Amino acid sequence: MIPVPRVAVIVVAAGSGTRLGGGSPKAFVGIDEHTILRHALRGVFAAPEAQVVIVAPAGREGDALTEALEAAGDRRDLVSVVAGGASRQASVQAGIHGVWPDVEIVLVHDAARALTPSDVFDRVLAAIDAGADGAIPVLPVVDTIKRVEGAEVVAAVDRSTLSAAQTPQGFRRDVLDAAYRAAKDEFTDDAALVAAAGHPVAAVAGDPLAFKITTPADLDRARGLVAPIAPVPIDLDRLPPVPRVGVGTDVHAFGGEDDLWLAGLLWPGEQGLSGHSDGDAVAHAIVDALLSAAGLGDIGTHFGTDRPEYAAAHADAFLSRTHALLGEAGWRIGNVAVQVQSNRPRFAPRRAQAEAVLSAALGGASVSVSATTTDGLGFTGAGDGVAAFAVAVILPA
Ligand code: CTP
Ligand code: MG
């Protein structure tokens with residue numbers, strides 16, 4: 001499994017976009033052929049690996065997930081979507097609930113800041129790593145600022161101490177959780193809420209491209225700036241690892257001079273089986289089940305009659321080599337179940353012994369052996385031979 005990242009990014013995208021008036025929730029308004037949300041996620045997934053919680057308008061979670069999975073590429077496991085609330089603050093709160101327990105740093109980002117470059121994320125993270133409780137990107141205010149009451153300019157404001165706040169705003173996770181739990185009032189951003197809880201917040205350099213798409217003019221500006229989105233390649237090796245199952249059967253006829261070898265055990269006084277090697281149908285069925293689970297061919301591929309060293313071999317040789325082949329291919333054995341169909345020998349008294357021998361040859365993997373007769377039917381019922389059926393489950397090592 002992919003380890004839980006230490007950083008989470010909450011992307012708030014649940015607003016209605018009243019001022020933009022785009023006809024659909026703002027996050028789903030197109031900049032080019034892609035939406036504001038999709039563009040915002042490009043910056044998020046270009047930043048260092050993080051859990052990504054998208055806060056979508058209630059009822060649009062599926063659309064948000066579709067866009068997120070498309071944007072996530074190899075990081076699909078890290079994505080989740082939750083429904084937002086009536087205010088931005090309520091939406092962030094909903095996102096906080098979706099953050100995994102081991103995450104240490106949380107970044108809150110407006111989807112509306114769709115063109116935010118990933119290095120803004122880097123700078124915010126670096127400030128928290130350097131010890132800040134919280135850090136936000138800011139840009140100096142370029143316009144001269146006036147305090148205006150009604151139609152009257154009442155004062156000039158010294159802009160040298162003013163900055164415009166952007167997102168992503170980053171916080172130590174414990175600090176953000178506690179501040180949100182304690183918050184009684186509505187704040188305009190997360191930094192104000194955390195500051196009200198008594199924590200200093202550091203400023204790092206923002207980026208003009210992190211502007212918020214609020215009005216139709218902002219959308220036009222974004223349309224003029226946007227770079228086309230290239231498809232994100234998916235590395236198949238990093239898709240969630242899943243168990244694989246395999247099946248194997250084997251049949252051998254009674255015959256030959258020697259005593260019987262079956263399920264890795266010697267059965268003195270029982271007639272042996274004919275075949276290449278000792279004819280141990282149980283072991284051979286297990287080998288086929290394991291190889292088929294791993295997609296490594298079958299017993300003939302690895303132990304064919306052209307391999308004289310296996311001519312006199314018993315179960316342990318076949319099974320330990322198969323175990324090694326799986327290991328080299330990156331698999332470990334989950335469990336193996338095998339059933340023997342035969343009139344004899346009677347398995348019950350030696351079942352545990354057979355399981356122990358087979359398990360030892362497979363590096364300690366769980367092996368269960370069962371046995372049945374076929375009510376006198378078929379070749380096993382006639383006592384002509386033995387059939388074995390095996391199923392194996394393997395897991396990525
Ligand atoms: N947001 C949210 N939930 C809300 C309100 C806002 O998740 N209830 C998000 C928006 O989706 C946006 C960010 O907060 O990404 C900043 O909000 P704003 O730019 O105000 O977006 P809207 O609220 O959608 O726009 P408007 O205020 O014009 O309706
Ligand atoms: Mg709003």
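Remember, it's 1-based here, ligands and their atoms both numbered in the order they're listed. Bear in mind that the values here come from a model prediction, so they are computed numbers and not experimental data.
Under a 4.0 Å N-O distance rule, the pair Arg344/Glu270 qualifies as a salt bridge. Electrostatic pairing of Arg88 and Asp189 does not count as a salt bridge here, judged by no charged N lying under 4.0 Å from a carboxylate O. Contact check on Asp218 versus Arg221 returns no salt bridge, with no Lys/Arg side-chain nitrogen under 4.0 Å from an Asp/Glu carboxylate oxygen.
Atom 23 (O) of ligand 1 has as its closest protein heavy atom Gly15 CA, 3.9 Å. The protein heavy-atom contact nearest to atom 26 (P) of ligand 1 is Thr18 N, 3.5 Å. Of all protein heavy atoms, the one lying nearest to atom 13 (C) of ligand 1 is Asp110 OD1, 3.4 Å. Looking only at protein heavy atoms, the nearest one to atom 24 (O) of ligand 1 is Gly17 N, 2.8 Å.
Under a 4.5 Å side-chain heavy-atom criterion applied to ILVMFWY residues, the cluster that includes Leu209 comprises Leu20, Val29, Ile31, Ile36, Leu115, Phe211, Ile213, Leu219, Leu225, Val226 as well.
Side-chain contact annotation: Asp298 with Thr301, donor-acceptor N/O pair under 3.5 Å present. A donor-acceptor contact under 3.5 angstrom links the side chains of Glu67 and Thr35, judged on distance only. For the 3.5 Å distance criterion, the side chains of His252 and Asp280 fail to qualify, holding no donor opposite an acceptor. A donor-acceptor contact closer than 3.5 angstrom is absent between the side chains of Gln341 and Thr373. Remark: the Thr380 side chain and the Thr374 side chain contain an N/O donor-acceptor pair separated by less than 3.5 Å.
When non-hydrogen atoms are compared, ligand 1 lies under 4.0 Å from neither the backbone nor the side chain of Ala27. When heavy-atom distances to ligand 1 are checked against a 4.0 Å cut-off, Lys212 comes that close only through its side chain, counted from C-beta outward. Contacts between Ala13 and ligand 1 below 4.0 angstrom, taking non-hydrogen atoms only, involve the backbone exclusively.
Those atoms of ligand 1 that come under 4.0 Å of a heavy atom in Lys26, given as number and element, are 18 (P), 19 (O), 21 (O), 22 (P), 24 (O), 25 (O). Against a heavy-atom cut-off of under 4.0 Å, Ala86 is close to the following atoms of ligand 1: 8 (N). Near Ser91, with a cut-off below 4.0 Å to any heavy atom, the atoms of ligand 1 are 2 (C), 3 (N), 4 (C), 7 (O), 8 (N). Proximity to Arg19 (heavy-atom distance under 4.0 Å) selects the following atoms of ligand 1: 20 (O), 26 (P), 27 (O), 28 (O).
Contact analysis puts Ser87 in contact with ligand 1, with a non-hydrogen atom separation below 4.0 angstrom.
Note: an N/O pair closer than 3.5 Å links Ala14 and ligand 1 by distance alone. An N or O contact shorter than 3.5 Å links Val12 to ligand 1 by distance.
Within the set Ala114, Gly85, Gly95, Gly84, the minimum heavy-atom distance to atom 8 (N) of ligand 1 is found for Gly85.
The distance between the ring centers of Phe121 and His109 falls below 6.0 angstrom.
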